[in-house]
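Below is one structure; the comments refer to it alone.
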Amino acid sequence: MAENRRRVSEARRFDASNALLHWFESHRRELPWRESRDPYRVWIAEVLLQQTRVATAVRYYDRFLRQFPTVQALARASEGQVLKAWEGAGYYGRARNLRRAAQEIVRRHGGKLPQDVEALEELPGFGPYTAAAVGSLAFGLPVAALEANGMRVLSRYFGIRGDVTLAPNQRRLRSALQGWVHQGPSGPMNEAVMELGETVCAPQSPRCPECPLERGCVLRRERWDPRSVPGRPRKPPVPRVSASIAIIDRNGRWYVQRRPGEGLLGGLWEFPGGKIQPDESPIEACRREVREETGWTPTRLRLLGTVQHDYTHLHVTLHVFGSRCAASAPGPRTGTGRRWVDPATFARLPIPRATQKASQLMSHHL
DNA sequence: GATCCGTGGGG
DNA sequence: TCCCCAAGGAT
């Protein structure tokens, strides 16, 4: 809109980028990934931080780098090892892509991350943000790394109303950030915007009196409701489903299967089971799903308890059943991605959170 | 452009 | 309880 463009030019009179850089010098938090500008370490941090809170990423960062200290080490690792290191972090495609990208960097770039944004963006798991972040933070390239914090800070500062996920507003925001990035060192400038968005320009209740940009901020000057900027499309209500799973025990070993390599929880291990059909009881669903998935019909199923687990777009109530399989019985089929594991082996497999919760129910019944 | 892909914390 | 949100990317 013309109105948005007018506001952008008005706000430019205040030297926001300079004020922001000065603020960042004194408010920069000590974070593990800020101790080094090594491209590999910057990369790992950026991927960990995708759609993930700083506090969560901190829990994984050092441990991941101890286990995979170099691009080469990551490239050599098995997918299972990398997924195990990523266990609980969510969005497991990030871990799979990390390993694939490491292999590509070794094969095509001599083991070093390429020093230009276009080459970075060709690597798996590198989108516009991550390529710009690594480019600016590790290599000092003058590129705008725009993510959720930046969209919030900039849309408020320049008074850009409307849905920030729309392409025209995206271009406007990126262009505004690019303007700031040209005013100073690109890495610190990008980081400063993110830092401000996280610690001051918060989504629901921003701490405007502490903000170095308050003087030029349209949101502040025109007294807009902070919750209305940035604008986002409404999200539909989250559906609820019920499912049953079986923890089949034979001589202290549990039967587990590996999920398909792509898609939801791809490559992780879990117990057999599935959704409960409309006119089906939890135990009937459990028996049917186990038979369908393993070729074996479970006996003596007993309910151990229920587990509640929430995905972004799905709330699941999990009915967890225990079952004994006689030592002499054939039991479920084994093979690729299907095996019996003792507790120590189970602990070494990458397991989704919901399955971990379920396994705790079983442990309590031993 | 719309949808999928996890998990955890906060109001 | 419910909803929002988060250093996005892939398809």
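This is a predicted model, so every value here is computed, not measured.
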Taking the six-membered ring for Trp, is the centroid-to-centroid distance between [X] and [Y] below 6.0 Å?
X       : Y       : value
H313(A) : Y311(A) : no
W340(A) : F346(A) : no
W296(A) : Y255(A) : no
W86(A)  : Y91(A)  : no

Using a heavy-atom cut-off of 4.0 Å across all strands, would you classify [X] as base, sugar-phosphate, or nothing?
X       : answer
G88(A)  : sugar-phosphate
A133(A) : nothing
W86(A)  : nothing
D310(A) : base
L265(A) : sugar-phosphate
P237(A) : nothing
T130(A) : sugar-phosphate
R53(A)  : base
G125(A) : sugar-phosphate

Closest to the 5' end of DNA chain B, once H309(A) and Q204(A) are matched to their nearest nucleotides, is H309(A)

Pairwise 5' ranking along DNA chain B for A167(A) and H313(A), keeping only the more 5' one
A167(A)

In whole angstrom, give the distance that lies between atom [atom1] of [X] and atom [atom2] of [N].
X       : N      : atom1 : atom2 : value
L314(A) : dC4(B) : CG    : P     : 11 Å
R94(A)  : dG8(C) : CZ    : P     : 10 Å
H315(A) : dC2(C) : NE2   : C1'   : 8 Å
R96(A)  : dG9(C) : CZ    : P     : 16 Å
R259(A) : dC5(B) : CZ    : P     : 9 Å
K357(A) : dT7(B) : NZ    : P     : 8 Å
R59(A)  : dA6(C) : CZ    : P     : 18 Å
Y129(A) : dA6(C) : OH    : P     : 13 Å

[N] phosphate, OP1 or OP2: any side-chain N/O from [X] under 4.0 angstrom?
X       : N      : result
Q51(A)  : dG8(C) : yes
R353(A) : dG8(B) : yes
R152(A) : dC5(C) : no
Y91(A)  : dA6(C) : no

Same cluster or not: are Y60(A) and F68(A) linked, directly or through other Ile, Leu, Val, Met, Phe, Trp or Tyr residues, by side-chain heavy atoms under 4.5 angstrom apart?
yes

In whole angstrom, give me the gap between the P atoms of dG9(C) and dG8(B).
22 Å

Report yes if a donor N or O on one partner sits less than 3.5 Å from an acceptor N or O on the other, where the partners are the side chain of T312(A) and the base of dT7(B); otherwise report no.
yes

Mark yes or no for a side-chain to base donor-acceptor pair under 3.5 Å between S205(A) and dG11(B), with no hydrogen or angle criteria applied.
no

Got more than 12 heavy atoms from elsewhere within 6.0 Å of CZ, R227(A)?
no

Are there over 12 heavy-atom neighbours, none belonging to R34(A), within less than 6.0 Å of that residue's CZ?
yes

Taking for each residue the nucleotide of DNA chain C bearing the nearest heavy atom, is the 5' side occupied by A148(A) or by E262(A)?
A148(A)

Upstream residue (5' side of DNA chain C) when R100(A) and V54(A) are each assigned their closest nucleotide
V54(A)

